[in-house]
Amino acid sequence: MSSTIRTISLSDNEAARAGEMLRRGGLVVFPTETVYGLGANAFDAAACRRIFAAKGRPPDNPLIVHLTELGELRWAAREVPPLALLLLERFSPGPFTVILPRSQRLPAVVTAGLDTVALRIPSSPIARAVIRASGVPIAAPSANRSGRPSPTDYESAVEQMWGRVEAVMRGPACEVGLESTIVRICGAGAEVEVLREGAVTREMLAAAVRGRGELLDPDETVTGEAAAAAHAEPTTAASAPAIGPAIAPGMRHRHYQPDAAVITAEPADLPRVLQTHDRNQTAALMLAASAPGSGSGGFRIEMRFQTVEEYARELYRAFRQADRSGCSTIIAELPPPGGIGRALRDRLLRAATA
Ligand code: TXA
Ligand code: MG
């Protein structure tokens with residue numbers, strides 16, 4: 001449908017041109033510190049509608065609106081609760097998104113008709129230069145086709161979006177590699193609920209709100225549905241719920257899935273799981289510390305990450321590499337659940353759920 005657009009490649013010093021294209025209603029893919037984003041002018045309903053077409057994203061899944069500074073919050077939010085402001089001041093610019101009451105200036109298509117809007121101020125200098133040059137808030141989901149892993153480098157952004165957008169900006173591989181942390185404020189303004197885990201970790205959030213509010217435990221969250229929506233990469237409009245926007249139960253959606261089947265293993269189980277698969281068909285992703293030593297070679301792809309941060313940064317690239325080299329299976333070690341390990345486990349477990 002939208003696969004016939006003439007796409008140009010922009011270098012990372014062409015932010016002014018990218019901003020101009022965005023302001024005039026174009027779609028531009030650009031790097032951020034988390035993943036590559038597929039941007040459009042958030043004030044332009046027609047441009048934002050084109051995002052959904054380019055991704056194959058059902059219209060019930062709202063977009064994140066990107067800004068460059070706190071002073072621009074009023075472009076998109078009608079109110080900023082004190083606890084939200086505290087978190088924004090602490091974690092912006094950075095891989096952090098907060099849900100706020102939506103300003104009427106934003107067209108309904110951006111928020112899928114919700115009364116709330118997701119806002120993020122990225123730290124990537126390239127992303128910031130592009131957004132600043134546009135002069136408007138930029139709606140930008142991850143630049144993947146719906147249901148696929150987010151692109152974390154230029155090549156995979158091109159692979160997924162060439163012919164569907166006006167421009168793809170060439171930038172470095174993303175520093176974080178996983179999508180931003182998403183939170184919302186609830187409980188009469190005193191509670192913080194994590195809807196999507198990310199590089200702003202639960203430990204960081206808990207420390208920031210201490211004395212001012214409470215970080216809800218994952219199992220005492222108000223509703224799992226909002227969290228499901230924050231992960232949704234629904235594959236077809238037909239699967240959208242008839243009852244309303246952004247409350248789609250996560251179960252009916254695919255998430256972050258490569259073509260190869262993902263099998264996760266706790267470190268203790270890893271050697272056994274590795275033994276039971278055809279090495280020639282398998283990509284093995286593991287932490288160097290727990291990777292089995294001798295006799296473990298022979299996998300089509302074998303990656304040993306020195307740190308959990310490196311594992312997170314490389315995860316989606318590893319998925320893509322496994323698919324490109326024809327692996328049928330990806331065996332992925334589950335990292336410990338502290339810090340960004342929690343977000344990484346979350347993405348791995350979602351990818352492993354067919
Ligand atoms: O790191 C990121 O956040 C990247 C980069 C490009 O900034 N963006 C990103 O956007 O991951 P996207 O659209 O792929 O994921 C945003 C998630 C969606 O699953 C959506 O359901 C959720 O945020 N979301 C957006 N607005 C929401 C709202 N008002 N309430 C609840 N969830 C919302
Ligand atoms: Mg996404």
Side-chain angles (χ1 to χ4, degrees), residues 28-40 42 48 51-52 54-67 76-77 92-103 106 108-124 126-128 130-131 138-152 157 160-161 169 171 174-186 193-200 222-235 240 244-248 250 253-257 312 316 343 347 350:
V28 177
V29 172
F30 58 91
T32 84
E33 70 277 22
T34 56
V35 301
Y36 274 66
L38 164 53
C48 291
I51 287 182
F52 292 85
K55 275 181 69 86
R57 178 168 175 140
D60 71 325
N61 194 4
L63 307 175
I64 296 178
V65 174
H66 296 68
L67 307 168
S92 295
F96 177 73
T97 298
V98 64
I99 310 288
L100 294 175
R102 167 197 156 204
S103 153
L106 284 181
V109 60
V110 173
T111 62
L114 291 178
D115 193 36
T116 55
V117 59
L119 290 178
R120 171 159 122 78
I121 301 176
S123 60
S124 149
I126 303 173
R128 296 176 63 76
V130 170
I131 301 164
I138 296 297
S142 48
N144 52 286
R145 309 270 280 277
S146 214
R148 308 293 301 181
S150 302
T152 52
Q160 300 206 57
M161 285 298 152
M169 182 171 261
C174 301
E175 222 174 285
V176 175
L178 299 179
E179 305 82 355
S180 63
T181 303
I182 305 180
V183 305
R184 69 171 177 181
I185 311 298
C186 42
E193 180 182 6
V194 177
L195 300 183
R196 183 172 72 183
E197 308 278 348
V200 171
V222 177
T223 164
E225 286 190 338
H231 279 283
E233 283 287 354
T235 48
I247 51 171
H253 300 307
R254 291 173 63 220
H255 304 278
Y256 317 111
Q257 285 185 323
Y316 294 145
R347 302 308 193 278
R350 285 171 193 279

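Computed from a prediction, not measured in an experiment: that's the story for all the values here. Atoms within each ligand, like the ligands themselves, are counted from 1 in listed order. Position 1 is the first residue of the sequence, and the numbers go up from there.
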At a 4.0 Å threshold, what atoms of ligand 1 neighbour a non-hydrogen atom of L114?
28 (C), 29 (N), 30 (N)
Indicate yes or no: at least one non-hydrogen side-chain atom of Y316 is less than 4.5 angstrom from one of N144.
no
Flag side-chain contact, heavy atom, 4.5 Å: I131 against P122
yes
Which segment of H66 sits under 4.0 Å of ligand 1 when only heavy atoms are counted
side chain
Working to the nearest 0.5 angstrom, can you tell me the gap between L63 CG and L38 CG?
8.5 Å
With backbone taken as N, CA, C and O and side chain as the heavy atoms from C-beta onward, which portion of T116 lies under 4.0 Å from ligand 1: side chain, backbone, both, or neither?
both
The answer for which part of T111 has a heavy atom under 4.0 Å from ligand 1 is neither
With atoms numbered from 1 as shown, which atoms in ligand 1 lie under 4.0 angstrom from a non-hydrogen atom of S180?
1 (O), 2 (C), 3 (O)
Ion pair R128/E33, N-O distance below 4.0 Å
no
Options V117, I99, I182, ranked by nearest heavy atom to atom 32 (N) of ligand 1, top entry
I99
Please determine, by modelled atom types, if T34 and S180 share a side-chain donor-acceptor pair under 3.5 angstrom.
no
Below a 4.0 angstrom heavy-atom separation, can you tell me which part of R57, side chain or backbone, both or neither, approaches ligand 1?
side chain
Value for CD (Q160) from OH (Y36), rounded to nearest 0.5 Å, stands at 13.0 Å
Below the 3.5 angstrom mark, is there an N/O of T97, backbone or side chain, next to an N/O of ligand 1?
no
Can you check whether K55 has an N/O within less than 3.5 Å of an N/O in ligand 1?
no
Between R57 and I51, is there a side-chain heavy-atom distance shorter than 4.5 Å?
no
How many angstroms lie between atom CZ of R350 and atom CD of Q257, to the nearest 0.5 angstrom?
11.0 Å
Please confirm whether V35 approaches ligand 1 to less than 4.0 Å, judged on its heavy atoms.
yes
Point-to-point distance, once rounded to the nearest 0.5 Å, from CD1 of I64 to OG1 of T111
13.0 Å
Would you mind running through ligand 1 and noting each atom that sits below 4.0 Å from a heavy atom of E179?
1 (O), 11 (O)
Any N/O/S of S142 under 2.8 Å from the Mg ion (ligand 2)?
yes
Is ligand 1 under 4.0 Å from a heavy atom in the side chain of R196, in the backbone, in both, or in neither?
side chain
Closest to atom 16 (C) of ligand 1 among I64, L195, V29 (heavy-atom distance):
I64
Pairwise distance OG1(T152) to CD(E179) - rounded to 0.5 angstrom
9.5 Å
Should you measure from each heavy atom of A140, which atoms of ligand 1 turn up under 4.0 Å away?
6 (C), 8 (N), 10 (O)
